[in-house]
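A short write-up of the structure that comes next.
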Amino acid sequence: HYTKGVLVGSYDKTDSTKYTGEGDWATIRTLDNLESLITDEGVVVTDIPAYEFYNKHSSMLMTDTYILCQHLTTVKLATVKIIGQEAFYGQTFSTTEKRELTTIDMPAVETVGEFAFWNCPALNSVSLPKVTTIGDNAFGNCFVLGSVSFPEVVTIGSQAFFDCKLLKTIQLPKVVTIGNEAFAQTALTALTSDMIPKVTTIGDNVFKGCQYLKSVSLSNVDSLGYHAFNNCISLSKLSLPKVTTINGTFEQCLSLTSVELPVATAIGESTFAGCIQLSSVSAPKATELGSNAFQGCSALKNVSIPMLQIIGEVAFKESGITKVSFPEVTEVRSEAFSLCDSLVSVSLPKAKIIRWGAFGAVGKSFTSITLPSADTIEYDAFKNSGIKHADLPAVKFIGDAAFQYCYSLSSVSLPAVPPTCGKFSDSSATLLIVDANDSLLKGDAFTSALEVYKKDSGYNATTCKWNGLKLTSDNVPTAIESVN
């Protein structure tokens, strides 16, 4: 408790124990029983140097680490403007030695350095009314810190409040920049524009793992980073009227039921993957859907994205979508709808390319698909699906095994000029497949349409079926001379 004089510390980077000056910090840091740092009126302390109360390593062994001034509970320094990096760093490898600091009251502080109060597990009261910059990890792992209010802070660094398990409320009226994971794994229950009114961009992982967060309403934010709200398992209400960019933001938000993105132009990779209760999505201006965007959304039924042009890889895989109607889509990428057991019908009037496995292993309820503009159906496109009818009037190429094992397939409409068909890679011979117009097609794209059943030691030609019918002289085109 300093009542007179000026306390000045000078840190020598070449020697962590060397300090100079009247009443220097070296004197304080050796007081193992120190419980408080308080200055009276007239005492001027402007800077707490970096590493000042940081752990001291007496040897290279981590087990020998201990905390300087471990019993320090209160810091009240009226004139300090800068808190150096790791000044009260609380890292310890001992189960008995923990930082006991509970209260910070520094009315003049403007800058808090990186890791300044990291891992202070007892810290529950912080008063820094003039602080403008909070460095990376500054208050990370301060497990009992329940609320923060910084009226002047402009910049908050990465992981600044990471894993503050009891942090329920924040008030940051002048904050412009929030670093990655700044509030990840905290106990926030709601996030509104009133709390962060000047923030327009939320970066990667900022609120990741906030398991008690129930609602997000941000009328001022236009961009959300990757995994910004990932694994916020209680999040059920969402309002983002100005967001144009969204990417991987809400993965594994298990309570989210509906989403409206009125101005979003793209929905990026894994944005809603694993949101198992999500049932409806509206994004009237989105033109592109990234990979895995709705993968595993098993309750998803209603999707309204009328301007969509590209459906990314695995976009709806294992989702509960039943009807697909995307009037502007030109490309459906790999496995986009694979394993969609509830899919009934698909209308993609402008789709040109159906990539490999796009509708692979779709369920038995899949009745039909209409692709009036598609000229390319890649390999495995409908393999193992329950499709019953395919309308492909413009198709020019059907890839290897595109319809293999489609046992429910009863009819395929093809153009007058038969498409080129690929071969099934495991086939030892090229089967001859016939379309509805008796045109002869070569290849294995439709291997299940002409199914040969093996009996005993060989094949019995009388059990061969085409479209579920036994082959007879009445329904086999005359162009076929033999069946292997």
Side-chain angles (χ1 to χ4, degrees), residues 265-269 281-295 300-319 321-340 342-363 365-404 406 409 411-422 435-436 445-446:
T265 56
I267 299 175
E269 174 186 350
V281 176
S282 175
K285 294 186 178 182
T287 59
E288 186 170 352
L289 192 61
S291 60
N292 306 83
F294 296 99
Q295 183 182 5
L300 187 62
K301 303 296 181 186
N302 301 312
V303 179
S304 178
I305 315 178
M307 301 301 292
L308 190 62
Q309 297 177 12
I310 297 175
I311 300 176
E313 293 90 342
V314 200
F316 291 96
K317 185 176 182 178
E318 299 172 306
S319 74
I321 194 168
T322 56
K323 295 181 179 180
V324 171
S325 179
F326 296 121
E328 301 298 323
V329 163
T330 58
E331 180 180 354
V332 180
R333 291 179 177 170
S334 307
E335 297 188 272
F337 295 94
S338 66
L339 296 171
C340 289
S342 301
L343 188 61
V344 176
S345 62
V346 176
S347 177
L348 299 166
K350 293 185 180 181
K352 292 285 187 180
I353 301 175
I354 307 299
R355 298 292 184 188
W356 67 268
F359 293 90
V362 172
S365 58
F366 189 23
T367 58
S368 64
I369 187 167
T370 301
L371 300 169
S373 303
D375 55 23
T376 300
I377 308 294
E378 289 190 351
Y379 67 94
D380 294 350
F382 296 91
K383 185 177 180 179
N384 285 312
S385 75
I387 190 171
K388 296 176 177 62
H389 171 73
D391 188 4
L392 309 172
V395 69
K396 297 178 181 179
F397 174 77
I398 298 176
D400 297 355
F403 289 87
Q404 190 189 25
C406 294
L409 186 65
S411 62
V412 179
S413 298
L414 298 172
V417 178
T420 301
C421 289
D435 72 359
F446 294 85

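For clarity, every value in this text was computed on a predicted model and none was experimentally measured. In what follows, every heavy atom counts, from backbone to side chain, and hydrogens, waters and symmetry copies are set aside.
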State the [atom1]-[atom2] distance between [X] and [Y], to the nearest 0.5 angstrom.
| X | Y | atom1 | atom2 | result |
| --- | --- | --- | --- | --- |
| Thr376 | Glu331 | OG1 | CD | 10.0 Å |
| Ile377 | Ile353 | CD1 | CD1 | 10.0 Å |
| Thr330 | Lys352 | OG1 | NZ | 9.5 Å |
| Leu289 | Ile310 | CG | CD1 | 10.5 Å |
| Glu288 | Met307 | CD | CE | 14.0 Å |
| Ser368 | Asp391 | OG | CG | 9.0 Å |

Does a side-chain heavy-atom distance below 4.5 Å link [X] with [Y]?
| X | Y | result |
| --- | --- | --- |
| Ile369 | Phe382 | yes |
| Val329 | Gln309 | no |
| Leu300 | Val281 | yes |
| Thr322 | Ser342 | yes |
| Ile305 | Phe326 | yes |

At their closest point, which heavy atom of [X] faces which heavy atom of [Y], and how far apart are they?
| X | Y | answer |
| --- | --- | --- |
| Pro393 | Pro415 | O-CB, 3.1 Å |
| Ile321 | Val303 | CD1-CG2, 3.9 Å |
| Ala358 | Arg333 | CB-O, 3.9 Å |
| Leu348 | Pro372 | O-CD, 4.0 Å |
| Phe359 | Val362 | O-CG2, 3.0 Å |
| Cys340 | Ser319 | SG-OG, 3.7 Å |

Original post:
Is it the case that more than 12 heavy atoms not belonging to Lys388 sit under 6.0 Å from its NZ atom?
Top reply: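 Enclosed: over 12 neighbouring heavy atoms sit under 6.0 Å from NZ of Lys388.
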**OP:** Using a cut-off of 6.0 Å, state whether more than 12 heavy atoms not belonging to Lys301 lie near its atom NZ.
**Re:**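 Enclosed: over 12 neighbouring heavy atoms sit under 6.0 Å from NZ of Lys301.
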Subject >> For Glu378, all residues meeting salt bridge (charged side-chain N to carboxylate O under 4.0 Å, His left out), sequence neighbours excluded >> reply: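 Applying salt bridge (charged side-chain N to carboxylate O under 4.0 Å, His left out) to Glu378 gives Arg355.
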**OP:** Verify, without hydrogens or angle tests, whether Ser373 (side chain) and Pro349 (backbone) share a donor-acceptor contact under 3.5 angstrom.
**Re:**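 Yes; at least one donor-acceptor contact below 3.5 Å.
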Original post:
With distance as the sole test, does Ser365 use its side chain to make a donor-acceptor pair with the main-chain N or O of Leu343 at under 3.5 Å?
Top reply: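 Checked: pair present.
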**OP:** Show the numbers, then the answer: is there a side-chain contact (heavy atoms from CB on, under 4.5 Å) between Glu335 and Trp356?
**Re:** CA-CA 7 Å; Glu335 297 188 272; Trp356 67 268; 3.4 Å; yes
**OP:** With sequence neighbours left out, write down each residue that passes ring-ring contact (aromatic ring centres under 6.0 Å, His included) with Phe316, or none if nothing qualifies.
**Re:**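 Checked Phe316 against ring-ring contact (aromatic ring centres under 6.0 Å, His included); matches are Phe294, Phe337.
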**OP:** Using a strict cut-off of less than 4.0 Å between a Lys/Arg side-chain nitrogen and an Asp/Glu carboxylate oxygen, indicate whether Glu328 and Lys350 qualify as a salt bridge.
**Re:**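 Yes, charged N to carboxylate O under 4.0 Å.
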